[in-house]
Amino acid sequence: MTRRGSLAALSKLVRARRSALAPLLAGHRRPVFIGGRSLSSSSTRFEDGKDARLPNPLAAASLLAAFALSQVGQRTASCDSDDRSHDLYLEEQRTVALFERCSSSVVHIDTFISRGAITGLHLRLQETHAGTGSGFIWDQNHIVTNFHVIKDAERATVVLADGTSLEASIVGVSPENDLAVLKVIHDTSAKFPPLERGGSRHLKVGQRVFAIGNPFGLDQTLTNGIVSGLGREMRGVAGRTMYGLVQTDAAINPGNSGGPLLDSRGRLIGVNTMIASPSGAFAGVGFAIPVDTVERVVSQLIDHGHLRHAYLGVVPAPPHVMDELSRQLRLRHLPPLEGALILQVQANSPAADLQLQPTVRTNEGIVLGDEILFIGGQKITSPDKLVDILSQYEVGVEVQVVYRRRHPGSSSISTMAGRAKLGERPQQQFMQAHRTLRPNSPSSGEAYVSTDSPRSH
């Protein structure tokens with residue numbers, strides 16, 4: 001075929017394809033890129049302004065080839081864009097960033113005890129691993145964890161996120177709040193970042209939360225969920241009711257205790273403490289101590305080595321005693337007990353200054369003491385609630401006490417009020433910060449006060 005015949009055939013082919021290229025050839029001026037240059041569809045002029053001056057068939061063929069190449073490139077790019085397995089959604093990116101920022105502030109706590117082993121005719125003490133838990137960096141020298149994580153330990157070590165193991169000594173404990181503060185000595189040049197602290201007063205049910213800890217000894221485990229309830233009440237390790245707990249469905253398992261509960265910005269909003277489960281494994285209901293309580297307790301443990309309890313100077317009746325007395329009152333068609341019934345009033349206490357009356361036994365029977373109804377405007381619903389409300393006040397604060405008094409020999413009841421300046425509850429000897437964890441030694445007995453005997457508050 002001659003050169004003229006070839007050009008005729010090519011021209012015929014281009015004319016057959018013109019309908020497919022109509023938008024391109026109709027002057028829409030979509031650029032086709034060839035080797036870094038842009039060739040306009042309505043002319044044979046490159047973007048640098050030079051006229052290609054090709055015969056019309058060859059110009060059309062060039063456009064056709066360029067268009068075909070561009071479509072192949074677009075298909076390749078489309079295939080690449082379909083593979084998004086290495087990309088993360090924005091929400092995932094935020095979660096990853098939160099973990100990378102906060103995980104270095106979470107520690108693994110190992111506890112140890114000594115057990116006797118008989119070797120021949122000799123009894124030797126051998127140190128054995130007692131358990132594990134979690135904690136987090138509070139400041140440059142202190143670790144916060146749960147009291148029940150270290151309560152049975154004779155020695156504890158803190159393992160940082162980078163694997164560094166440090167010996168820990170105890171600063172102070174608060175069994176009723178299930179909190180403990182440990183002290184570690186570390187290289188000041190090492191990374192030791194405290195967690196940023198948020199607030200728990202304005203938490204909302206439904207907001208996202210994250211838990212970092214060491215469940216089943218698996219270091220640096222992240223779980224997430226939501227705040228599923230607020231203001232929960234649960235019986236704590238010390239046998240007393242813990243109030244105001246944060247409920248979450250973020251997975252909390254054995255080993256997570258003492259670890260942080262974080263909001264979506266990575267701020268501390270609670271300390272994971274317990275779960276509600278019939279089997280002992282996580283069942284979707286976990287609880288955390290709110291950070292507002294943690295800050296109040298931890299600051300006192302660091303400053304004083306113990307929790308300074310605001311003290312009214314009364315011994316309230318246990319719930320089962322109040323229930324029985326209320327039953328007897330109903331049988332006599334008298335109003336049942338309310339609030340917290342006073343069994344004893346401590347001498348030289350704020351309650352004594354207020355002249356509150358205790359329960360006494362006489363020849364005629366039991367004369368009921370005063371019933372505390374409100375403290376500082378907050379209603380007393382049980383003896384534990386009395387303890388909880390008093391714990392919210394600093395020593396030396398003056399509060400209003402509303403109580404009612406029954407008059408012996410009659411059915412009349414008087415509601416009275418007065419102001420009392422709260423003192424500090426007498427403390428037993430507390431553990432010193434420089435000692436290691438020795439709960440069976442004389443220096444640490446104060447952490448294990450029996451919860452069965454009545455205490456003044």
Side-chain angles (χ1 to χ4, degrees), residues 95 98-99 102-111 130-138 143-152 156 158-159 161 174-180 182 195 197-198 200 203-238 241-294 297-298:
T95 300
L98 180 147
F99 178 76
C102 299
S103 60
S104 58
S105 301
V106 182
V107 303
H108 182 122
I109 298 176
D110 288 303
T111 58
T132 63
S134 303
F136 57 93
I137 299 173
W138 184 262
I143 303 294
V144 173
T145 186
N146 284 144
F147 167 72
H148 75 260
V149 170
I150 54 91
K151 73 181 182 69
D152 294 324
V158 170
V159 183
S174 176
E176 57 265 52
N177 294 291
D178 197 19
L179 290 171
L182 307 179
L195 279 176
R197 296 193 282 274
S200 52
L203 292 179
K204 302 294 184 182
V205 172
Q207 75 176 78
R208 293 195 65 189
V209 292
F210 300 84
I212 303 179
N214 308 289
F216 307 108
L218 302 173
D219 290 351
Q220 301 291 300
T221 297
L222 173 71
T223 58
N224 72 324
I226 62 170
V227 173
S228 49
L230 295 169
R232 300 308 193 201
E233 302 176 7
M234 293 291 291
R235 185 69 60 178
V237 66
T241 302
M242 300 174 65
Y243 292 90
L245 297 177
V246 179
Q247 179 184 326
T248 178
D249 67 351
I252 299 173
N253 288 293
N256 270 118
S257 292
L261 186 69
L262 308 171
D263 66 10
S264 56
R265 296 186 179 182
R267 298 175 300 190
L268 177 71
I269 59 171
V271 177
N272 301 318
T273 181
M274 67 180 77
I275 61 175
S277 170
S279 64
F282 183 68
V285 182
F287 300 95
I289 306 163
V291 69
D292 292 350
T293 300
V294 176
V297 172
V298 169

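No experiment lies behind these values; they were computed from the predicted model shown.
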Within the distance-only criterion (no hydrogens, no angle test), does the side chain of S103 pair as donor or acceptor with the backbone N or O of Q220 below 3.5 angstrom? no

Are P260 and V106 side-chain neighbours, meaning at least one heavy-atom pair lies under 4.5 Å? yes

So, using side-chain contact (heavy atoms from CB on, under 4.5 Å) as the criterion, who are the partners of D263 when residues are at least two apart? Q207, R265, R267, I269

Can you list everything that forms a side chain to side chain donor-acceptor pair (under 3.5 Å) with N214? Sequence neighbours excluded, please. S134

Between V237 and P175, the two heavy atoms sitting closest are CG1-O, 3.6 Å

Gap between atom CD1 of I275 and atom OG1 of T248 - 0.5 Å precision: 12.5 Å

Could you go step by step and tell me if W138 and V298 meet the side-chain contact (heavy atoms from CB on, under 4.5 Å) rule? CA-CA 9 Å; W138 184 262; V298 169; 3.5 Å; yes

Find out whether C102 and L262 are in side-chain contact, i.e. whether some heavy atom of one side chain is under 4.5 Å from a heavy atom of the other. yes

Before giving the answer on side-chain contact (heavy atoms from CB on, under 4.5 Å), spell out for T221 and I212 the whole-Å C-alpha distance, their side-chain angles and the decisive distance to 0.1 Å. CA-CA 6 Å; T221 297; I212 303 179; over 6 Å; no

Heavy atoms only: give me the nearest S174-V297 pair and the separation to one decimal. CB-CG1, 3.8 Å

Provide the closest heavy-atom pair for L179 versus V294 in the form atom of the first, atom of the second, distance. CD1-CA, 4.0 Å

Can you confirm whether F136 sits close enough to I143 that some side-chain heavy atom of one is under 4.5 Å from a side-chain heavy atom of the other? no

Is there a side-chain contact between V285 and Q247, using heavy atoms and a 4.5 Å cut-off? yes

So F147 and N177, side-chain contact (heavy atoms from CB on, under 4.5 Å) or not? Walk me through it. CA-CA 8 Å; F147 167 72; N177 294 291; over 6 Å; no

Are a donor atom and an acceptor atom from the side chains of D249 and S228 found within less than 3.5 Å of each other? no

Looking only at atom types and distance, does a side-chain atom of T293 sit under 3.5 Å from a main-chain N or O of I289, one as donor and one as acceptor? no

Residue list, side-chain contact (heavy atoms from CB on, under 4.5 Å) with T132, at least two apart or on another chain: H108, D110, H129

For the residue pair V246 and V209, establish whether any side-chain heavy-atom pair is separated by less than 4.5 Å. no

Please determine whether side-chain contact (heavy atoms from CB on, under 4.5 Å) holds for the pair M234 and T241, giving the CA-CA distance in whole Å, both sets of side-chain angles, and the decisive distance to 0.1 Å. CA-CA 5 Å; M234 293 291 291; T241 302; over 6 Å; no

For R197, the salt bridge (charged side-chain N to carboxylate O under 4.0 Å, His left out) test, sequence neighbours excluded, returns E295

If I compare all heavy atoms of H148 with all of S257, which pair ends up nearest, and what's the gap? NE2-OG, 3.1 Å

Is a side-chain N or O of N256 found less than 3.5 angstrom from the main chain of N253, in a donor-acceptor match? yes

Smallest heavy-atom separation, A276 atom then F287 atom, equals CB-CE1, 3.8 Å

4.5 Å side-chain heavy-atom contact, V205 and L230: yes

For R232, which residues count as a salt bridge (charged side-chain N to carboxylate O under 4.0 Å, His left out) partner, sequence neighbours excluded? none

Any salt bridge (charged side-chain N to carboxylate O under 4.0 Å, His left out) pairs touching residues 203-226, not counting sequence neighbours? E91-R208

Counting only N and O atoms by type, is there a donor-acceptor contact under 3.5 Å from the side chain of T111 to the main-chain atoms of I150? no

If I take atom CG from residue D178 and atom CE from residue M274, how far apart are they, to the nearest 0.5 angstrom? 6.0 Å

Do you know the tightest heavy-atom contact between S104 and A161? CA-CB, 3.7 Å

Just so I know, are the side chains of L261 and V227 near enough to count as touching, which here means a heavy-atom distance under 4.5 Å? no

